[in-house]
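Reviewing the structure listed below.
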Protein chains: 2
Amino acid sequence: MVSVECRSTVGRLSKATPSTRSLNKPRQARDSEATKAQILNAAEEEFARHGLSGARMDAIAAGTGVTKAMIYYYFENKEGLYQAVLQRPAHELLDALKQLPLDELAPEQALEMLVKGAIAHEVAHPYQQMILFQEASQNRGKYFAQADWQAPFAYLLKILERGMVDGTFRAVDPWLTAINIAGVCNFYFTTYDNVKHIAPDWDFRNPAMVERHTQEAIAFILAAVKQQK
Amino acid sequence: MVSVECRSTVGRLSKATPSTRSLNKPRQARDSEATKAQILNAAEEEFARHGLSGARMDAIAAGTGVTKAMIYYYFENKEGLYQAVLQRPAHELLDALKQLPLDELAPEQALEMLVKGAIAHEVAHPYQQMILFQEASQNRGKYFAQADWQAPFAYLLKILERGMVDGTFRAVDPWLTAINIAGVCNFYFTTYDNVKHIAPDWDFRNPAMVERHTQEAIAFILAAVKQQK
DNA sequence: GTCTATACTGCGATAGAC
DNA sequence: GTCTATCGCAGTATAGAC
């Protein structure tokens, strides 16, 4: 029996990078910031699909146009690259949340805005949630603890507590409910590749489909926490 | 091609294995079914943590007490073992659902029973959901499509549609809502290892904690889909 | 049926030319 | 800064003794 072929990245990489470089680079053959961002983008998908130990540096290099040696030049090693990938969306999400006027809104509107923002952010960083899952599965959250993911959660907890105080929301366990809300926002993206095989024709990256998910998620979550009249 | 010829590195392995066996094993008589189940249990956790390509046959063997060669004896190869692991909980979940009198209950009660059953099943198979996620991430659902996961979903869809017809539930998109419900049931288990680092002292395998999650999930889901009076 | 030993390949990391 | 080449170990799978 031939072995499994779970990965298709194998040999032939050395040939594969002819000179795609000189095309997309108008000038300035050396732009360290752009190169780093490019590496992070490719690494984000590879780590999301395979986790820290499963990701292949060759695969990341193949997704960037630069060589594997360059990745080691910019990032100390595989682990350093992983930490950088994990850190980036945490900061970007936090920055996005900071700009929302959540405190000025009624709990209900604040929750709706937060959910909308979180899903939009997930769309902008398509692999964020997958990486977090890989992190939990493989490393039991070791690197998650080092990144700055606490703050975004705090926003959600605060809204829930505010809503319970003023009677808009029913009495819930804030942590468990926060997890449930996060689950509704994200599960769509993490299970799509399975569900697509058993559900009628879907294209979950399709903006219209994402919009429908957003609307359904908001309606679902608000109904779930609102105090019944 | 300067031939490398330093293949001599391989020969040094012979020192390494000091035969840890033969100490005190209950020496169970040869029981192929028990051994197979034992292998599947160990494989379930390893595949859940690392996925098909990331799982290590050595690690699985270490978790069973039998040698790696025995795993290849019982299962054709890594892929065959993976498929067996993926298949098992699908059938067990389906069998469990078949025994629930869902059709005889009102949609609301049926949904509650289904959610309770699904969470209980997840607790009995602690790594089921993680494997499904790994499957989506790494293999884009290729093996998921081969296992029999369609049927359990059908039960949920049917209940939702029944509830919309009789007016118990509000008008929702059945598929998106089914995914949201599955997300609420499962997200707790898949993110615990991350969340535990930022939430106060939790022990999510603790039965009392699981019971709280079950209650919160049921309340959350029912409130989310019920028609407002 | 169960073990030990090992062949062959995949992959992280580095050396060194330019 | 960027590349090519390659080292050395880890990992799948198998052969063959008992």
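These values consider heavy atoms only, across backbone and side chains, with no hydrogens, waters or symmetry-generated copies. In what follows, chains carry the letters A, B, and so on, assigned in the order in which the sequence lines appear, proteins first and then strands, with residues in each chain numbered from 1.
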Problem - Partners passing salt bridge (charged side-chain N to carboxylate O under 4.0 Å, His left out) against A:Lys158 (at least two apart in sequence or in another chain) - result: A:Asp103

Exercise for the section: Check whether any side-chain N or O of B:Arg56 sits under 4.0 Å from OP1 or OP2 of D:dT12, and answer yes or no. Expected result: yes

Handout entry: Euclidean distance, atom CD1 of residue A:Ile39 to atom P of D:dG1 [Å, nearest integer]
Key = 12 Å

Practice task
Specify the separation, in whole Å, of atom NE2 of A:His50 and atom P of C:dG10.
Solution key: 16 Å

Completion exercise
When A:Lys68 and A:Tyr74 are each assigned the nearest nucleotide of DNA chain D, the 5'-most assignment goes to A:Tyr74

Handout entry: Rounded distance in Å - OH (B:Tyr73) to C1' (D:dA13)
Key = 17 Å

Completion exercise
Which of C:dC3, D:dA13, C:dA13 is nearest the side chain of B:Val66? It is C:dC3

Completion exercise
Closest to the 5' end of DNA chain C, once A:Ser53 and A:Ala69 are matched to their nearest nucleotides, is A:Ser53

Practice task
Would you classify B:Ala55 as touching base, sugar-phosphate or nothing, given that sugar-phosphate means primed atoms plus P, OP1 and OP2, and contacts are heavy atoms under 4.0 Å?
Solution key: sugar-phosphate

Problem - Closest listed nucleotide, where the reference is the side chain of A:Met70 and the choices are C:dG12, C:dT2, D:dT2 - result: D:dT2

Problem - Donor on one side chain, acceptor on other, A:Asn139 and B:Arg49, under 3.5 Å - result: no

Handout entry: Spacing of B:Phe75 atom CZ relative to D:dT12 atom P, expressed in whole Å
Key = 16 Å

Exercise for the section: May I ask you to verify if any side-chain N or O of B:Thr67 is less than 4.0 angstrom from the OP1 or OP2 atom of C:dC3? Expected result: yes

Handout entry: Atom-to-atom span, OH of A:Tyr82 to C1' of C:dA13 - whole angstrom
Key = 20 Å

Handout entry: Separation of C:dA5 P from B:Tyr72 OH (nearest whole Å)
Key = 18 Å

Handout entry: NZ/NE/NH1/NH2 to OD/OE distance under 4.0 Å, B:Glu135 and B:Lys142
Key = no

Handout entry: Between P of C:dT14 and CE of A:Met57, the distance in whole Å
Key = 10 Å

Handout entry: A:Tyr127 and A:Glu46 side chains, donor-acceptor separation under 3.5 Å
Key = no

Handout entry: Rounded distance (Å) that lies between atom P of C:dT9 and atom NZ of B:Lys78
Key = 17 Å

Handout entry: Any donor-acceptor N or O pair under 3.5 Å, side chains B:Tyr143, B:Glu79
Key = yes

